[in-house]
Chemist: 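Pasting a structure below so you can have a look.
For this chain, numbers begin at 1 and follow the sequence in order.
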Amino acid sequence: MDRTETLPTAPAAPESPTATRPEEHPPPTRRSPAWATPALVVLLLATGLLYLWGLGASGWANSFYAAAVQAGSVSWKAFLYGSSDAANSITVDKTPASLWLMALSVRIFGLNSWAMLVPQALCGVASVAVLHATVKRWYGPAAALIAGAVLAVTPVATLMFRFNNPDALLVLLLVAGAYATVRALETASTRWIVLVGVLVGFGFLTKMLQAFLVVPVFAGVYLLAAPTGLWRRVRQLLLAGLAVLVSAGWWVALVELVPAGARPYIGGSQGNSILELTLGYNGLGRITGDEVGSVGGGGGRPGGGGGPFSGQTGVLRMFGGEIGGQISWLLPAALILLVAGLLVAGRAARTDRTRAGLLLWGGWLLVTGLIFSFMSGIFHAYYTVALAPAIGALVGIGVTVLWRQRHPQPAPGDDAPAGSRWQRWRPLAATATLAGTLAVTVWWAWVLLGRSPDWYPWLRTTVLVAGLLGAALILLVTRLPRRLVPVVLGLGAAAALAGPVAYAVQTAATPHTGSIPSAGPSVAGGFGRGGFPGGRPPGGMDLPTGGQFPGGQFPDGGQLPGGGPFRGGGQDGAQLPGGAQNGGGQFPGGGQFPGGGRDGGQTPTAPGGGRQAPGGQGRTGGGGMGGLLDTREPSAALRELLERDSADYTWVAATVGSNNASGYQLATGDPVMPIGGFNGSDPSPTLAQFQRHVADGRIHYFIGGGGFRANGGSSASQEIAAWVTENFTAQTVDGVTVYDLSTGKDAS
């Protein structure tokens with residue numbers, strides 16, 4: 001590699017005679033230090049080790065998506081639409097781009113945990129590499145190395161780059177979008193700004209409207225700082241918007257234009273519409289809490305806190321409870337350094353890169369972070385991985401910019417005369433800010449580590465003492481021998497990163513399964529790994545990774561752990577968020593679920609670990625609630641039953657809820673119909689459609705248990721369960737209630 005690096009300039013002449021010429025302040029030619037390339041190699045190798053180490057231990061991870069990956073690996077139609085099953089009864093409740101990567105890998109290497117999860121880990125390594133490249137272009141290799149390291153060891157990033165949720169690909173696409181924005185800003189390049197639109201569009205195909213949270217930031221920074229005339233900037237942004245529309249809209253148009261009977265039902269919608277899903281359940285409903293068919297949103301009530309899975313809304317949400325340990329280790333530092341960096345940029349020229357970069361990453365952090373903080377709908381702690389690249393970039397840029405202020409050069413547009421009071425005090429102010437930022441960072445790490453007081457308690461004190469010592473030495477850095485300066489900086493970096501590194505390593509060493517994964521050790525008041533406050537169920541029950549209460553019963557008469565009833569009240573605390581009663585069977589106090597099956601059979605999960613749940617036979621998974629959040633791995637006897645004559649049926653079985661169905665589908669490799677989608681609350685299929693499938697001999701068995709009806713969702717799954725119960729004879733196989741639908745085809 002050429003060790004001489006010239007940061008690119010923009011030679012193109014501006015459209016307007018009043019436009020700022022980029023040649024006025026060309027960046028200096030820098031010689032890349034000898035350590036830069038080896039440091040990058042070490043960073044990427046260490047990141048790969050962290051994300052790939054013991055990857056198969058999590059088994060199917062989130063089996064909701066694993067089942068769709070399995071379906072897409074055997075059916076191109078299921079691949080295209082993101083269907084939950086290869087027979088294409090219903091899709092997952094997201095757009096399918098992340099499933100495409102995993103399904104292609106499974107098609108090549110076969111269905112196993114590694115084949116499914118390795119693409120996610122590689123997305124993580126690529127995200128670190130692209131973030132490094134983005135920051136390095138304007139701020140140098142030191143800033144880039146800090147940024148990449150912060151992203152790599154952020155606990156929630158370690159979690160999601162080892163998991164099969166859509167967030168891994170989303171982060172990579174958005175970081176690539178930031179890189180393309182930086183390239184576009186350098187030369188006012190139409191090609192690069194259009195590429196930004198394409199990347200954001202594919203971000204939509206990964207996780208819908210969340211990808212659009214960065215759009216006003218990317219567009220606003222380009223409109224402000226691109227080195228060309230205003231109207232050309234506007235025209236270029238319109239072209240980028242068209243690129244978003246085309247790259248995201250082709251799949252939406254395909255789904256909307258194909259007749260409903262020729263494609264799977266759109267999971268998560270009540271009207272079989274991708275537009276409804278985009279704007280409702282996965283769109284504005286996440287902001288307002290009015291998510292029809294959900295069980296975890298705020299229900300649109302004033303002051304709603306986002307439901308039992310979401311935590312309290314407010315400006316401190318990113319710092320509180322479980323969420324703080326996922327993402328906020330360096331969040332205070334990023335905010336401090338953002339403000340300090342903007343003050344350093346001062347009244348520089350419109351095209352100033354220091355300010356443009358800070359606005360790019362700072363806008364990403366503030367817009368996304370504030371929306372996460374105040375959204376009243378379903379919100380999970382792992383969503384915060386979207387903040388990690390911005391935090392890493394701001395820390396890297398801010399530290400580097402302030403460190404250079406020890407011997408500052410007047411910035412372009414800085415009208416403070418040389419030798420002025422500000423010029424004399426700037427080095428001291430920058431040094432003090434760096435020291436103060438480190439002190440705040442280690443204090444906050446001390447607070448976060450205190451939320452898990454029994455987990456390596458010595459680490460908490462060590463981080464605080466080392467960090468405060470490092471902060472004091474930074475204040476004296478100008479008086480220290482030059483050979484000690486790297487030692488001081490290394491001490492400060494180690495203290496700042498020790499907490500997140502420890503959490504990240506613990507996360508990589510722990511299997512994670514279920515729908516609500518969480519990084520790091522259990523914390524007081526959080527859901528932890530298993531979906532319970534503190535990470536453990538009440539009463540000393542040994543369910544370290546989640547799972548069910550015995551017989552499906554919540555303690556204290558149907559209340560949530562900690563004594564709080566489900567939002568909305570109701571008899572025995574059995575009413576669900578949004579005020580809707582659980583449909584079909586009993587809930588707390590009996591554990592009966594749609595279909596008459598007791599929630600005490602096989603509880604979770606896929607290969608790779610877990611503990612046996614009290615009252616059940618399976619390994620514990622992620623979250624319980626009657627199959628809503630966990631996966632059931634069938635016993636050998638039940639699997640043998642389901643596979644009997646499987647070639648004669650379109651679906652070897654049907655059951656309420658996608659997670660409930662996914663365990664059976666992954667164990668057998670045959671399609672299992674997930675009635676009602678994720679929550680069991682979608683009208684797919686209707687009772688009439690289900691009866692027709694049974695009459696045509698397309699479904700072999702109905703498996704009882706699982707699913708909820710909440711917040712105004714369809715009652716179709718309860719109607720189907722009741723019809724099956726009334727017309728078919730139940731048998732119990734290893735604690736699971738099964739109905740053979742082939743014995744009564746005329747019941748319809």
Side-chain angles (χ1 to χ4, degrees), residues 3 5-8 27-44 46-47 127-154 157 175 178-179 181-183 185-186 221 225 329-331 333-345 348 352-365 387-409 411 430-431 433-435 437-438 441 474 477 485-486 488-490 492-494 496-497 500:
R3 297 276 296 281
E5 177 185 285
T6 304
L7 296 185
T29 298
R30 296 178 185 151
R31 185 173 181 82
S32 183
W35 54 263
T37 299
L40 173 60
V41 172
V42 170
L43 172 63
L44 296 182
T47 302
S127 296
V128 171
V130 175
L131 179 63
H132 182 281
T134 306
V135 173
K136 183 182 177 183
R137 289 192 69 83
W138 288 359
Y139 304 99
L145 187 66
I146 295 170
V150 170
L151 171 58
V153 302
T154 299
V175 174
Y179 176 82
T181 301
V182 165
R183 296 298 302 268
L185 283 166
E186 291 172 355
V221 172
W329 298 89
L330 290 157
L331 180 54
L335 295 172
I336 293 170
L337 293 170
L338 170 61
V339 174
L342 290 175
L343 289 175
V344 169
D352 179 68
R353 291 181 178 179
T354 297
R355 182 174 57 205
L358 289 167
L359 290 176
L360 176 69
W361 297 107
W364 176 332
L365 177 62
L387 303 176
I391 292 174
L394 288 172
V395 171
I397 294 167
V399 167
T400 305
V401 167
L402 291 183
W403 184 253
R404 290 172 181 165
Q405 293 306 303
R406 294 175 305 133
H407 307 289
Q409 298 295 325
T431 303
T433 301
L434 284 173
T437 301
L438 177 58
T441 299
I474 287 174
V477 72
V485 173
V488 172
L489 296 179
L497 293 177

Chemist: First locate atom CG of Leu330, then atom CG of Leu387, and finally report the distance between them rounded to the nearest 0.5 Å.
Modeler: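 So the gap between those two atoms works out to 12.5 Å.
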Chemist: How long is the span from the CD1 atom in Ile391 to the CH2 atom in Trp361, to the nearest 0.5 Å?
Modeler: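 These two atoms lie 12.0 Å from each other.
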Chemist: Please report the shortest heavy-atom distance between Val135 and Ala393, naming the atom on each side.
Modeler: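 Looking at all heavy atoms of both residues, the closest pair is CG2-CB, 4.0 Å.
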Chemist: Less than 4.5 Å apart, side chain to side chain, heavy atoms only: is that true for Leu365 and Leu331?
Modeler: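 With C-beta onward as the side chain, the pair touches.
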Chemist: How far does NE2 of His132 sit from CG of Leu43, to the nearest 0.5 angstrom?
Modeler: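 His132 atom NE2 to Leu43 atom CG measures 6.5 Å (nearest 0.5 Å).
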Chemist: Would you check if the side chain of Tyr139 reaches a backbone N or O of Thr134 as a donor-acceptor pair within less than 3.5 Å?
Modeler: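 It does not hold such a pair.
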Chemist: Please report the interatomic distance CG(Leu359) to CG(Asp352), rounded to the nearest 0.5 Å.
Modeler: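 Reported value, rounded in 0.5 Å steps: 9.5 Å.
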Chemist: Where is the tightest heavy-atom contact between Ala36 and Pro141, given as atom of each residue plus distance?
Modeler: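 For Ala36 and Pro141, the tightest heavy-atom pair comes out as CB-CB, 3.8 Å.
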Chemist: Atom CG in Leu434, atom OG1 in Thr400: separation rounded to 0.5 Å?
Modeler: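 Leu434 CG to Thr400 OG1: 9.5 Å, rounded to 0.5 Å.
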Chemist: Is it the case that the side chain of Arg355 and the backbone of Ala348 share a donor-acceptor pair, with hydrogens and angles ignored and the cut-off at 3.5 Å?
Modeler: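 A pair under 3.5 Å: yes.
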Chemist: Taking the side chain as everything from C-beta on, heavy atoms only, tell me whether Leu335 gets closer than 4.5 Å to Val339.
Modeler: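 Heavy-atom side-chain distance check fails, nothing below 4.5 Å.
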Chemist: Between CZ of Arg183 and CZ of Arg137, what distance do you get to the nearest 0.5 Å?
Modeler: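 That separation rounds to 4.0 Å.
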Chemist: On a heavy-atom basis, which atom in Thr47 and which in Ala152 lie closest, and how many Å separate them?
Modeler: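 Smallest interatomic distance, heavy atoms only, reads OG1-CB, 3.4 Å.
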Chemist: Within the 4.5 Å heavy-atom criterion, are Trp403 and Val477 side-chain neighbours or not?
Modeler: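 Touching, per the 4.5 Å side-chain cut-off.
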Chemist: Identify the heavy atoms of Val395 and Ala333 that sit nearest to each other, and give their distance.
Modeler: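 Minimum heavy-atom contact is CG2-CB, 4.4 Å.
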Chemist: Could you tell me which non-hydrogen atom of Pro500 sits nearest to which non-hydrogen atom of Ala496, and how far apart they are?
Modeler: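 Taking Pro500 first and Ala496 second, the nearest heavy atoms are CD-O, 3.8 Å.
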Chemist: Report yes if the side chains of Ser127 and Pro389 come closer than 4.5 Å at any heavy-atom pair, otherwise no.
Modeler: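 Counting from C-beta outward, Ser127 and Pro389 never come under 4.5 Å.
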Chemist: Please identify which of these residues, Leu360, Ile397, Thr354, Leu185, meets the side chain to side chain contact (heavy atoms under 4.5 Å, CB included) condition with Trp138.
Modeler: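 The single option meeting the side chain to side chain contact (heavy atoms under 4.5 Å, CB included) with Trp138 is Leu185.
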Chemist: Is any side-chain heavy atom of Leu151 closer than 4.5 Å to a side-chain heavy atom of Val128?
Modeler: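 The answer is yes; the side chains approach within 4.5 Å.
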Chemist: Please tell me if the side chains of Trp364 and Leu394 come closer than 4.5 Å, counting only heavy atoms from C-beta onward.
Modeler: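 No; the side chains remain at least 4.5 Å from each other.
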Chemist: Can you name the residues that form a side chain to side chain contact (heavy atoms under 4.5 Å, CB included) with Ala142, not counting sequence neighbours?
Modeler: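 Result, side chain to side chain contact (heavy atoms under 4.5 Å, CB included) vs Ala142: Trp35.
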Chemist: Do Val150 and Leu497 touch side chain to side chain, with heavy atoms closer than 4.5 Å?
Modeler: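 They are in side-chain contact.
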Chemist: For Ile336, what residues pass the side chain to side chain contact (heavy atoms under 4.5 Å, CB included) criterion, not counting sequence neighbours?
Modeler: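 Listed in chain order: Thr433, Thr437, Val440.
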